[in-house]
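Let me begin by presenting the structure, written as C-alpha coordinates, before commenting on it.
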Amino acid sequence: MSQSFQVNSDPELWASLDMDVERFMNVPPMLTQAYMNIFMSQVNRPAVMAYFDEMVSNIFTGRIKEIVGAKAEGRPVIGTFCVYVPEEIIQAANGVCIGLCGGSQGSIADAEKILPRNICPMVKSAFGFKVGRICPFFQAVDFVYGETTCDAKKKTWELLDQYVPTHVMEIPQMKRERDLRLWIEEVKDFKKAIEEQVGKEISEDDLKKGIETLNAKRKAMQRLNRLRHHDPSPISGRDMLLIQQIAFYDIPERFTIKVHELCDELEDRIKLGNFAAAKGTPRVMVSGTPMALPNWKLHHIIEGAGAVVVNEESCIGTRYYKDTIDTDGLSMDGMLQQLTERYMKIDCSCFTPNDERIDQVVKEYRDSGAQGIIDYCLQFCHTYNIEAVKLREACSREKIPFMAIESDYSPEDVGQLQTRVEAFLEQIEG
Ligand code: BJ8
(Lines give C-alpha, C1' and ligand atoms only; values in the text may rest on other atoms or scores of the structure.)
Protein backbone atom coordinates (compact mmCIF):
# COMPACT_ATOMS: atom_id res chain seq x y z
CA MET A 1 0.00 0.00 0.00
CA SER A 2 1.27 3.47 -0.88
CA GLN A 3 2.28 5.49 2.14
CA SER A 4 1.52 8.79 0.43
CA PHE A 5 -1.62 10.35 1.73
CA GLN A 6 -3.11 13.82 1.67
CA VAL A 7 -6.34 15.40 2.78
CA ASN A 8 -7.35 17.51 -0.20
CA SER A 9 -8.29 21.21 -0.26
CA ASP A 10 -10.72 23.20 -2.39
CA PRO A 11 -10.87 26.85 -1.27
CA GLU A 12 -13.31 27.80 -4.02
CA LEU A 13 -15.78 25.13 -2.94
CA TRP A 14 -15.44 26.21 0.68
CA ALA A 15 -15.94 29.88 -0.21
CA SER A 16 -19.15 28.93 -2.02
CA LEU A 17 -20.35 27.44 1.27
CA ASP A 18 -19.58 30.64 3.19
CA MET A 19 -16.80 29.06 5.21
CA ASP A 20 -14.00 30.87 6.99
CA VAL A 21 -11.62 29.71 4.25
CA GLU A 22 -8.49 31.36 5.58
CA ARG A 23 -8.81 29.55 8.87
CA PHE A 24 -9.94 26.28 7.39
CA MET A 25 -6.90 26.12 5.08
CA ASN A 26 -4.87 24.90 8.09
CA VAL A 27 -7.15 21.93 8.73
CA PRO A 28 -6.28 19.56 5.82
CA PRO A 29 -2.51 19.65 6.53
CA MET A 30 -3.14 18.99 10.23
CA LEU A 31 -5.51 16.11 9.47
CA THR A 32 -3.01 14.74 6.93
CA GLN A 33 -0.32 14.71 9.59
CA ALA A 34 -2.52 12.99 12.19
CA TYR A 35 -3.73 10.43 9.65
CA MET A 36 -0.20 9.64 8.51
CA ASN A 37 0.85 9.06 12.13
CA ILE A 38 -2.11 7.01 13.22
CA PHE A 39 -3.22 5.10 10.11
CA MET A 40 -0.56 5.11 7.41
CA SER A 41 2.12 4.08 9.92
CA GLN A 42 0.39 0.69 10.26
CA VAL A 43 1.90 -2.17 8.29
CA ASN A 44 0.08 -4.88 6.35
CA ARG A 45 -3.32 -3.17 6.16
CA PRO A 46 -6.03 -4.79 4.02
CA ALA A 47 -5.91 -3.49 0.41
CA VAL A 48 -9.57 -2.35 0.54
CA MET A 49 -8.60 0.17 3.24
CA ALA A 50 -7.41 2.28 0.27
CA TYR A 51 -11.08 3.15 -0.32
CA PHE A 52 -11.55 4.38 3.24
CA ASP A 53 -8.26 6.32 3.05
CA GLU A 54 -9.63 8.00 -0.05
CA MET A 55 -12.85 8.86 1.80
CA VAL A 56 -10.67 10.75 4.30
CA SER A 57 -8.58 12.33 1.51
CA ASN A 58 -11.76 13.67 -0.04
CA ILE A 59 -13.63 14.40 3.17
CA PHE A 60 -13.59 18.19 2.59
CA THR A 61 -13.68 18.10 -1.22
CA GLY A 62 -15.05 15.17 -3.26
CA ARG A 63 -17.65 14.12 -0.71
CA ILE A 64 -18.75 17.73 -0.22
CA LYS A 65 -19.15 18.14 -3.98
CA GLU A 66 -21.37 15.05 -4.02
CA ILE A 67 -23.52 16.56 -1.28
CA VAL A 68 -23.73 19.92 -3.05
CA GLY A 69 -24.70 17.99 -6.20
CA ALA A 70 -27.46 16.16 -4.32
CA LYS A 71 -28.81 19.51 -3.11
CA ALA A 72 -28.79 20.85 -6.66
CA GLU A 73 -31.02 17.90 -7.61
CA GLY A 74 -33.49 19.00 -4.94
CA ARG A 75 -32.59 16.28 -2.46
CA PRO A 76 -32.72 17.33 1.21
CA VAL A 77 -29.44 17.23 3.15
CA ILE A 78 -30.00 16.70 6.85
CA GLY A 79 -27.45 16.82 9.64
CA THR A 80 -27.88 14.66 12.75
CA PHE A 81 -26.09 14.15 16.06
CA CYS A 82 -27.57 10.93 17.33
CA VAL A 83 -28.28 7.43 16.07
CA TYR A 84 -31.85 7.86 17.31
CA VAL A 85 -32.74 10.07 14.34
CA PRO A 86 -34.30 7.57 11.87
CA GLU A 87 -32.03 7.54 8.86
CA GLU A 88 -34.37 5.11 7.05
CA ILE A 89 -36.93 7.90 6.65
CA ILE A 90 -34.34 10.30 5.23
CA GLN A 91 -33.26 7.57 2.82
CA ALA A 92 -36.89 6.90 1.88
CA ALA A 93 -37.23 10.56 0.87
CA ASN A 94 -34.09 10.25 -1.27
CA GLY A 95 -32.35 12.56 1.19
CA VAL A 96 -28.77 12.67 2.42
CA CYS A 97 -28.10 12.05 6.11
CA ILE A 98 -24.85 13.33 7.55
CA GLY A 99 -23.61 12.75 11.11
CA LEU A 100 -22.34 16.06 12.43
CA CYS A 101 -20.99 15.09 15.85
CA GLY A 102 -17.71 16.85 16.51
CA GLY A 103 -14.57 14.93 17.41
CA SER A 104 -12.02 17.71 17.10
CA GLN A 105 -10.28 19.93 19.61
CA GLY A 106 -9.90 22.58 16.88
CA SER A 107 -13.45 23.96 17.21
CA ILE A 108 -13.78 23.87 21.01
CA ALA A 109 -12.47 27.42 21.54
CA ASP A 110 -15.11 28.76 19.12
CA ALA A 111 -17.82 27.03 21.13
CA GLU A 112 -16.48 28.20 24.47
CA LYS A 113 -16.94 31.82 23.42
CA ILE A 114 -20.66 31.10 23.79
CA LEU A 115 -21.27 27.82 25.63
CA PRO A 116 -20.16 27.03 29.17
CA ARG A 117 -16.81 25.24 29.27
CA ASN A 118 -17.92 22.39 31.51
CA ILE A 119 -20.04 20.47 29.00
CA CYS A 120 -19.32 17.51 26.76
CA PRO A 121 -16.55 18.09 24.17
CA MET A 122 -18.61 16.39 21.45
CA VAL A 123 -21.35 19.00 21.77
CA LYS A 124 -18.87 21.87 22.01
CA SER A 125 -16.89 20.62 19.03
CA ALA A 126 -19.99 20.35 16.82
CA PHE A 127 -21.35 23.74 17.91
CA GLY A 128 -17.91 25.33 17.41
CA PHE A 129 -17.74 24.00 13.85
CA LYS A 130 -20.91 25.85 13.00
CA VAL A 131 -20.26 29.15 14.77
CA GLY A 132 -16.68 29.25 13.42
CA ARG A 133 -17.87 28.27 9.90
CA ILE A 134 -15.12 25.65 9.79
CA CYS A 135 -16.97 22.50 8.74
CA PRO A 136 -18.07 22.09 5.11
CA PHE A 137 -20.64 19.43 6.09
CA PHE A 138 -22.29 21.81 8.54
CA GLN A 139 -22.28 24.54 5.89
CA ALA A 140 -23.84 22.22 3.32
CA VAL A 141 -26.82 20.89 5.28
CA ASP A 142 -30.33 22.31 4.73
CA PHE A 143 -31.23 21.82 8.36
CA VAL A 144 -30.30 19.72 11.36
CA TYR A 145 -32.22 17.36 13.58
CA GLY A 146 -31.23 17.33 17.22
CA GLU A 147 -32.74 15.30 20.04
CA THR A 148 -33.38 15.44 23.74
CA THR A 149 -31.02 12.68 24.81
CA CYS A 150 -28.83 14.67 27.20
CA ASP A 151 -28.99 18.13 28.75
CA ALA A 152 -25.93 19.43 26.92
CA LYS A 153 -27.42 18.57 23.58
CA LYS A 154 -31.00 19.65 24.10
CA LYS A 155 -30.08 23.09 25.43
CA THR A 156 -27.41 23.62 22.76
CA TRP A 157 -30.01 23.08 20.02
CA GLU A 158 -31.82 26.24 21.16
CA LEU A 159 -28.63 28.20 20.46
CA LEU A 160 -27.69 26.29 17.33
CA ASP A 161 -31.03 27.27 15.83
CA GLN A 162 -29.70 30.83 15.59
CA TYR A 163 -27.12 29.60 13.05
CA VAL A 164 -28.88 26.80 11.16
CA PRO A 165 -32.53 25.67 11.21
CA THR A 166 -32.60 23.14 14.07
CA HIS A 167 -35.47 20.75 14.70
CA VAL A 168 -35.62 18.62 17.82
CA MET A 169 -37.05 15.12 18.33
CA GLU A 170 -38.15 14.24 21.82
CA ILE A 171 -36.50 10.95 22.78
CA PRO A 172 -38.21 9.27 25.71
CA GLN A 173 -35.98 8.50 28.68
CA MET A 174 -37.77 5.32 29.75
CA LYS A 175 -38.95 2.29 27.80
CA ARG A 176 -42.51 1.73 28.97
CA GLU A 177 -45.57 1.29 26.72
CA ARG A 178 -46.42 5.00 27.00
CA ASP A 179 -42.84 5.95 26.06
CA LEU A 180 -43.11 3.83 22.94
CA ARG A 181 -46.33 5.68 22.04
CA LEU A 182 -44.58 9.03 22.43
CA TRP A 183 -41.70 7.84 20.26
CA ILE A 184 -44.02 6.63 17.48
CA GLU A 185 -45.62 10.08 17.40
CA GLU A 186 -42.18 11.68 17.18
CA VAL A 187 -41.20 9.36 14.33
CA LYS A 188 -44.41 10.22 12.46
CA ASP A 189 -43.79 13.96 12.96
CA PHE A 190 -40.26 13.47 11.69
CA LYS A 191 -41.58 11.74 8.57
CA LYS A 192 -44.06 14.57 7.99
CA ALA A 193 -41.33 17.21 8.36
CA ILE A 194 -39.12 15.44 5.82
CA GLU A 195 -42.07 15.08 3.42
CA GLU A 196 -42.78 18.80 3.70
CA GLN A 197 -39.17 19.54 2.90
CA VAL A 198 -39.21 17.45 -0.30
CA GLY A 199 -42.80 18.36 -1.17
CA LYS A 200 -43.76 14.72 -1.65
CA GLU A 201 -45.25 11.99 0.47
CA ILE A 202 -43.09 9.00 1.33
CA SER A 203 -44.84 5.94 -0.12
CA GLU A 204 -44.90 2.45 1.38
CA ASP A 205 -42.49 1.38 -1.32
CA ASP A 206 -40.13 4.30 -0.60
CA LEU A 207 -40.03 3.43 3.10
CA LYS A 208 -39.48 -0.25 2.39
CA LYS A 209 -36.55 0.63 0.12
CA GLY A 210 -35.14 3.07 2.66
CA ILE A 211 -35.29 0.40 5.36
CA GLU A 212 -33.75 -2.21 3.09
CA THR A 213 -30.85 0.09 2.21
CA LEU A 214 -30.09 0.74 5.86
CA ASN A 215 -30.61 -2.92 6.79
CA ALA A 216 -28.06 -3.88 4.14
CA LYS A 217 -25.59 -1.34 5.50
CA ARG A 218 -26.04 -2.48 9.09
CA LYS A 219 -25.76 -6.16 8.11
CA ALA A 220 -22.51 -5.46 6.24
CA MET A 221 -21.14 -3.84 9.38
CA GLN A 222 -22.29 -6.78 11.49
CA ARG A 223 -20.44 -9.11 9.12
CA LEU A 224 -17.31 -6.98 9.33
CA ASN A 225 -17.44 -6.83 13.11
CA ARG A 226 -17.85 -10.62 13.35
CA LEU A 227 -14.79 -11.13 11.13
CA ARG A 228 -12.70 -8.73 13.14
CA HIS A 229 -13.52 -10.79 16.25
CA HIS A 230 -11.37 -13.59 14.84
CA ASP A 231 -8.39 -14.33 17.06
CA PRO A 232 -5.91 -13.14 15.86
CA SER A 233 -7.71 -10.14 14.44
CA PRO A 234 -7.40 -9.60 10.67
CA ILE A 235 -7.83 -5.82 10.96
CA SER A 236 -6.72 -3.22 13.47
CA GLY A 237 -9.08 -1.47 15.86
CA ARG A 238 -8.01 1.88 14.41
CA ASP A 239 -9.11 0.85 10.92
CA MET A 240 -12.37 -0.52 12.31
CA LEU A 241 -13.08 2.70 14.18
CA LEU A 242 -12.37 4.70 11.04
CA ILE A 243 -14.80 2.64 8.96
CA GLN A 244 -17.50 3.06 11.60
CA GLN A 245 -16.91 6.83 11.54
CA ILE A 246 -17.06 6.98 7.74
CA ALA A 247 -20.44 5.20 7.94
CA PHE A 248 -21.84 8.55 9.05
CA TYR A 249 -20.92 10.52 5.93
CA ASP A 250 -20.55 8.08 3.03
CA ILE A 251 -23.29 7.14 0.56
CA PRO A 252 -24.96 4.07 2.18
CA GLU A 253 -25.12 1.88 -0.94
CA ARG A 254 -21.49 2.54 -1.90
CA PHE A 255 -20.32 2.09 1.66
CA THR A 256 -22.11 -1.27 1.92
CA ILE A 257 -20.42 -2.59 -1.23
CA LYS A 258 -16.99 -1.54 0.05
CA VAL A 259 -17.57 -3.08 3.49
CA HIS A 260 -18.48 -6.40 1.83
CA GLU A 261 -15.36 -6.18 -0.36
CA LEU A 262 -13.33 -5.68 2.79
CA CYS A 263 -15.08 -8.63 4.45
CA ASP A 264 -14.22 -10.84 1.46
CA GLU A 265 -10.60 -9.77 1.77
CA LEU A 266 -10.59 -10.40 5.53
CA GLU A 267 -11.98 -13.90 4.99
CA ASP A 268 -9.08 -14.59 2.62
CA ARG A 269 -6.61 -13.13 5.08
CA ILE A 270 -7.95 -15.37 7.83
CA LYS A 271 -7.60 -18.42 5.59
CA LEU A 272 -4.03 -17.43 4.74
CA GLY A 273 -3.16 -16.65 8.36
CA ASN A 274 -2.45 -13.01 7.48
CA PHE A 275 -3.40 -10.99 10.55
CA ALA A 276 -3.19 -7.40 11.75
CA ALA A 277 -2.06 -8.48 15.18
CA ALA A 278 0.16 -11.42 16.09
CA LYS A 279 -1.26 -14.35 18.05
CA GLY A 280 -1.19 -13.51 21.73
CA THR A 281 -1.66 -9.74 21.26
CA PRO A 282 -3.81 -8.48 24.17
CA ARG A 283 -7.41 -7.94 23.05
CA VAL A 284 -9.35 -4.98 24.39
CA MET A 285 -12.97 -4.01 23.97
CA VAL A 286 -13.97 -0.36 24.26
CA SER A 287 -17.43 0.62 25.54
CA GLY A 288 -19.12 3.93 26.23
CA THR A 289 -19.55 7.30 24.54
CA PRO A 290 -19.13 7.67 20.78
CA MET A 291 -15.83 8.68 19.17
CA ALA A 292 -16.66 11.11 16.39
CA LEU A 293 -14.17 11.70 13.61
CA PRO A 294 -11.27 12.59 14.08
CA ASN A 295 -11.26 11.34 17.66
CA TRP A 296 -8.77 8.48 17.39
CA LYS A 297 -7.02 9.23 20.66
CA LEU A 298 -7.87 6.17 22.77
CA HIS A 299 -7.48 3.59 19.99
CA HIS A 300 -4.11 5.10 19.10
CA ILE A 301 -3.01 4.85 22.73
CA ILE A 302 -4.27 1.26 23.19
CA GLU A 303 -2.79 -0.04 19.94
CA GLY A 304 0.36 2.04 20.44
CA ALA A 305 0.79 0.13 23.71
CA GLY A 306 0.82 -3.17 21.81
CA ALA A 307 -2.82 -4.31 22.14
CA VAL A 308 -5.59 -4.59 19.57
CA VAL A 309 -9.11 -3.16 19.95
CA VAL A 310 -11.61 -5.86 19.00
CA ASN A 311 -15.00 -4.21 19.57
CA GLU A 312 -16.64 -0.82 20.14
CA GLU A 313 -19.85 -0.91 22.19
CA SER A 314 -20.72 2.60 21.14
CA CYS A 315 -22.99 4.55 18.81
CA ILE A 316 -19.99 4.82 16.50
CA GLY A 317 -19.83 1.07 16.85
CA THR A 318 -22.29 -1.73 17.51
CA ARG A 319 -25.18 0.40 18.83
CA TYR A 320 -25.46 1.81 15.30
CA TYR A 321 -25.76 -1.50 13.50
CA LYS A 322 -26.64 -4.35 15.86
CA ASP A 323 -30.40 -4.17 15.07
CA THR A 324 -32.24 -4.17 11.73
CA ILE A 325 -35.91 -3.81 10.78
CA ASP A 326 -38.16 -6.55 9.43
CA THR A 327 -40.45 -5.19 6.66
CA ASP A 328 -41.92 -8.47 5.42
CA GLY A 329 -45.53 -8.05 4.33
CA LEU A 330 -45.97 -4.88 6.39
CA SER A 331 -48.07 -1.81 5.61
CA MET A 332 -46.82 1.73 6.24
CA ASP A 333 -48.09 1.64 9.83
CA GLY A 334 -46.58 -1.79 10.43
CA MET A 335 -43.19 -0.66 9.11
CA LEU A 336 -43.26 2.50 11.22
CA GLN A 337 -44.08 0.38 14.25
CA GLN A 338 -41.16 -1.96 13.53
CA LEU A 339 -38.88 0.98 12.92
CA THR A 340 -39.90 2.60 16.18
CA GLU A 341 -39.30 -0.61 18.11
CA ARG A 342 -35.90 -1.08 16.48
CA TYR A 343 -34.83 2.38 17.58
CA MET A 344 -36.06 1.79 21.11
CA LYS A 345 -33.54 -1.06 21.35
CA ILE A 346 -30.68 1.46 21.23
CA ASP A 347 -29.47 1.29 24.80
CA CYS A 348 -28.21 4.83 25.30
CA SER A 349 -27.37 5.73 28.87
CA CYS A 350 -29.92 8.56 28.71
CA PHE A 351 -32.52 5.84 29.46
CA THR A 352 -33.40 4.73 32.94
CA PRO A 353 -33.26 1.95 33.87
CA ASN A 354 -30.82 0.78 31.21
CA ASP A 355 -29.87 -2.72 32.29
CA GLU A 356 -30.10 -4.03 28.71
CA ARG A 357 -26.91 -2.11 28.01
CA ILE A 358 -25.05 -3.79 30.83
CA ASP A 359 -26.10 -7.21 29.49
CA GLN A 360 -25.19 -6.13 25.96
CA VAL A 361 -21.69 -5.03 27.00
CA VAL A 362 -21.06 -8.39 28.66
CA LYS A 363 -22.42 -10.21 25.59
CA GLU A 364 -20.20 -8.23 23.21
CA TYR A 365 -17.22 -8.85 25.46
CA ARG A 366 -17.78 -12.60 25.20
CA ASP A 367 -18.54 -12.51 21.43
CA SER A 368 -15.44 -10.48 20.63
CA GLY A 369 -12.99 -12.66 22.55
CA ALA A 370 -11.71 -9.58 24.38
CA GLN A 371 -9.66 -9.95 27.55
CA GLY A 372 -10.75 -6.72 29.18
CA ILE A 373 -13.01 -3.68 28.79
CA ILE A 374 -11.97 -0.04 28.75
CA ASP A 375 -15.05 2.09 29.30
CA TYR A 376 -14.65 5.47 27.62
CA CYS A 377 -16.57 8.45 28.86
CA LEU A 378 -16.36 11.90 27.36
CA GLN A 379 -15.79 14.53 30.01
CA PHE A 380 -19.00 15.86 31.58
CA CYS A 381 -21.18 13.09 30.13
CA HIS A 382 -22.99 12.36 33.38
CA THR A 383 -25.18 9.52 32.16
CA TYR A 384 -22.37 7.35 30.79
CA ASN A 385 -20.14 8.30 33.67
CA ILE A 386 -22.66 7.18 36.28
CA GLU A 387 -23.61 4.09 34.29
CA ALA A 388 -19.94 3.05 34.47
CA VAL A 389 -20.59 2.23 38.15
CA LYS A 390 -23.09 -0.49 37.19
CA LEU A 391 -20.83 -1.67 34.42
CA ARG A 392 -17.95 -2.00 36.86
CA GLU A 393 -20.15 -4.01 39.24
CA ALA A 394 -21.28 -6.32 36.43
CA CYS A 395 -17.69 -6.82 35.24
CA SER A 396 -16.56 -7.61 38.74
CA ARG A 397 -19.35 -10.22 39.06
CA GLU A 398 -18.39 -11.71 35.68
CA LYS A 399 -14.67 -11.50 36.47
CA ILE A 400 -14.02 -9.24 33.47
CA PRO A 401 -11.03 -6.90 33.79
CA PHE A 402 -12.46 -3.38 33.61
CA MET A 403 -11.13 0.14 33.58
CA ALA A 404 -13.15 3.35 33.25
CA ILE A 405 -11.58 6.45 31.80
CA GLU A 406 -12.88 9.96 31.31
CA SER A 407 -11.25 12.13 28.69
CA ASP A 408 -11.71 15.00 26.26
CA TYR A 409 -10.10 15.94 22.94
CA SER A 410 -7.08 17.78 24.31
CA PRO A 411 -3.65 16.14 24.17
CA GLU A 412 -3.03 17.01 27.82
CA ASP A 413 -3.97 13.67 29.37
CA VAL A 414 -2.28 11.46 26.75
CA GLY A 415 0.72 10.64 28.98
CA GLN A 416 -1.50 9.77 31.91
CA LEU A 417 -3.79 7.62 29.74
CA GLN A 418 -0.82 5.78 28.26
CA THR A 419 0.36 4.88 31.77
CA ARG A 420 -3.07 3.67 32.79
CA VAL A 421 -3.61 1.67 29.59
CA GLU A 422 -0.19 0.01 29.93
CA ALA A 423 -0.95 -0.97 33.52
CA PHE A 424 -4.32 -2.37 32.40
CA LEU A 425 -2.69 -4.42 29.64
CA GLU A 426 -0.23 -5.87 32.16
CA GLN A 427 -3.21 -6.84 34.28
CA ILE A 428 -5.03 -8.64 31.46
CA GLU A 429 -1.89 -10.34 30.20
CA GLY A 430 -0.88 -11.31 33.73
S1 BJ8 B 1 -28.00 7.29 21.42
S2 BJ8 B 1 -24.84 7.86 23.03
S3 BJ8 B 1 -25.54 9.15 19.77
S4 BJ8 B 1 -27.16 10.48 22.67
S5 BJ8 B 1 -21.37 11.89 25.15
S6 BJ8 B 1 -23.49 14.35 23.71
S7 BJ8 B 1 -24.90 11.77 25.76
S8 BJ8 B 1 -22.93 14.37 27.14
S9 BJ8 B 1 -23.58 11.08 22.31
FE10 BJ8 B 1 -25.20 9.76 21.95
FE11 BJ8 B 1 -27.53 9.35 20.76
FE12 BJ8 B 1 -27.03 8.32 23.16
FE13 BJ8 B 1 -25.81 7.37 21.06
FE14 BJ8 B 1 -24.52 13.98 25.63
FE15 BJ8 B 1 -22.95 12.17 26.70
FE16 BJ8 B 1 -21.89 14.05 25.22
FE17 BJ8 B 1 -23.40 12.15 24.15
Side-chain angles (χ1 to χ4, degrees), residues 75-101 141-150 153-154 157 160-161 165-219 247-248 252 290 315 318-352 354 356-357:
R75 298 171 61 193
V77 180
I78 298 154
T80 63
F81 306 90
C82 176
V83 297
Y84 253 92
V85 177
E87 224 177 314
E88 286 82 355
I89 292 178
I90 298 174
Q91 185 72 25
N94 198 21
V96 179
C97 180
I98 300 291
L100 288 177
C101 284
V141 295
D142 292 309
F143 55 93
V144 302
Y145 249 91
E147 14 60 49
T148 58
T149 41
C150 69
K153 280 179 162 186
K154 73 182 169 210
W157 307 148
L160 187 64
D161 192 40
T166 304
H167 306 271
V168 181
M169 295 188 86
E170 183 172 357
I171 314 280
Q173 313 262 292
M174 296 179 82
K175 292 188 176 173
R176 302 158 304 179
E177 214 26 63
R178 74 181 84 154
D179 300 305
L180 191 66
R181 285 202 295 277
L182 163 75
W183 181 230
I184 287 190
E185 291 311 312
E186 287 293 311
V187 168
K188 286 182 179 165
D189 284 355
F190 178 73
K191 176 170 163 285
K192 209 183 295 164
I194 304 294
E195 286 171 338
E196 274 164 21
Q197 175 73 17
V198 287
K200 179 178 164 276
E201 255 187 48
I202 293 172
S203 69
E204 241 170 56
D205 200 42
D206 294 334
L207 184 58
K208 193 169 165 32
K209 284 197 189 122
I211 291 175
E212 279 166 359
T213 301
L214 267 296
N215 276 353
K217 179 180 172 186
R218 297 189 211 277
K219 282 181 186 162
F248 289 87
C315 286
T318 55
R319 276 201 294 275
Y320 177 62
Y321 54 79
K322 71 180 169 61
D323 302 304
T324 52
I325 301 166
D326 189 4
T327 58
D328 266 2
L330 292 177
S331 62
M332 175 65 85
D333 278 351
M335 283 190 282
L336 286 174
Q337 176 77 27
Q338 287 288 323
L339 180 145
T340 304
E341 287 175 15
R342 181 253 168 219
Y343 275 81
M344 284 296 261
K345 286 186 199 149
I346 301 171
D347 39 19
C348 177
S349 65
C350 67
F351 285 89
T352 184
N354 195 33
E356 307 96 282
R357 173 162 175 253

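The figures that follow rest on heavy atoms only: side chains count, while hydrogens, waters and symmetry mates do not.
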Taking salt bridge (charged side-chain N to carboxylate O under 4.0 Å, His left out) as the cut-off, I'd like each qualifying pair that reaches into residues 318-337, sequence neighbours left out, listed once.
Glu313-Arg319
Contact list for residues 180-200, test salt bridge (charged side-chain N to carboxylate O under 4.0 Å, His left out), sequence neighbours left out
Lys191-Glu195, Lys200-Asp206
Min side-chain heavy-atom separation [X]-[Y] under 4.5 Å:
X	Y	answer
Leu339	Met335	no
His167	Val144	no
Thr340	Leu180	yes

Keeping the roles fixed (side chain from [X], backbone from [Y]), state whether a donor-acceptor pair exists under 3.5 Å.
X	Y	value
Asn354	Cys348	yes
Asp179	Pro172	no
Arg75	Asn94	yes
Thr148	Ile171	yes
Asp142	Pro76	no

Is there a donor-acceptor contact under 3.5 Å linking the side chains of Glu341 and Gln337?
yes
Could you check whether Tyr320 and Phe248 have their ring centres less than 6.0 Å apart?
yes
Mind checking whether Phe190 and Tyr145 have parallel, tilted or perpendicular rings, split at 30° and 60°?
perpendicular
Is the Tyr84 ring parallel, tilted or perpendicular to the Phe351 ring (thresholds 30°, 60°)?
tilted
Apply side-chain contact (heavy atoms from CB on, under 4.5 Å) to residues Val83 and Ile346 and explain how you reach the verdict.
CA-CA 8 Å; Val83 297; Ile346 301 171; 4.0 Å; yes
In plain terms, say whether [X] and [Y] are close enough for a salt bridge, that is, a side-chain N and a carboxylate O under 4.0 Å apart.
X	Y	value
Glu147	Lys154	no
Lys208	Asp205	no
Glu356	Lys345	no

Taking Gln91 as the fixed residue, which of Thr213, Leu207, Ile202, Ile211 is the one that meets the side chain to side chain contact (heavy atoms under 4.5 Å, CB included) rule?
Thr213
Applying the salt bridge (charged side-chain N to carboxylate O under 4.0 Å, His left out) criterion to Lys217, which one of Glu87, Glu212, Glu88 satisfies it?
Glu87
Over all atoms of both residues, closest heavy-atom pair of Pro290 and Cys315:
CG-CB, 3.9 Å
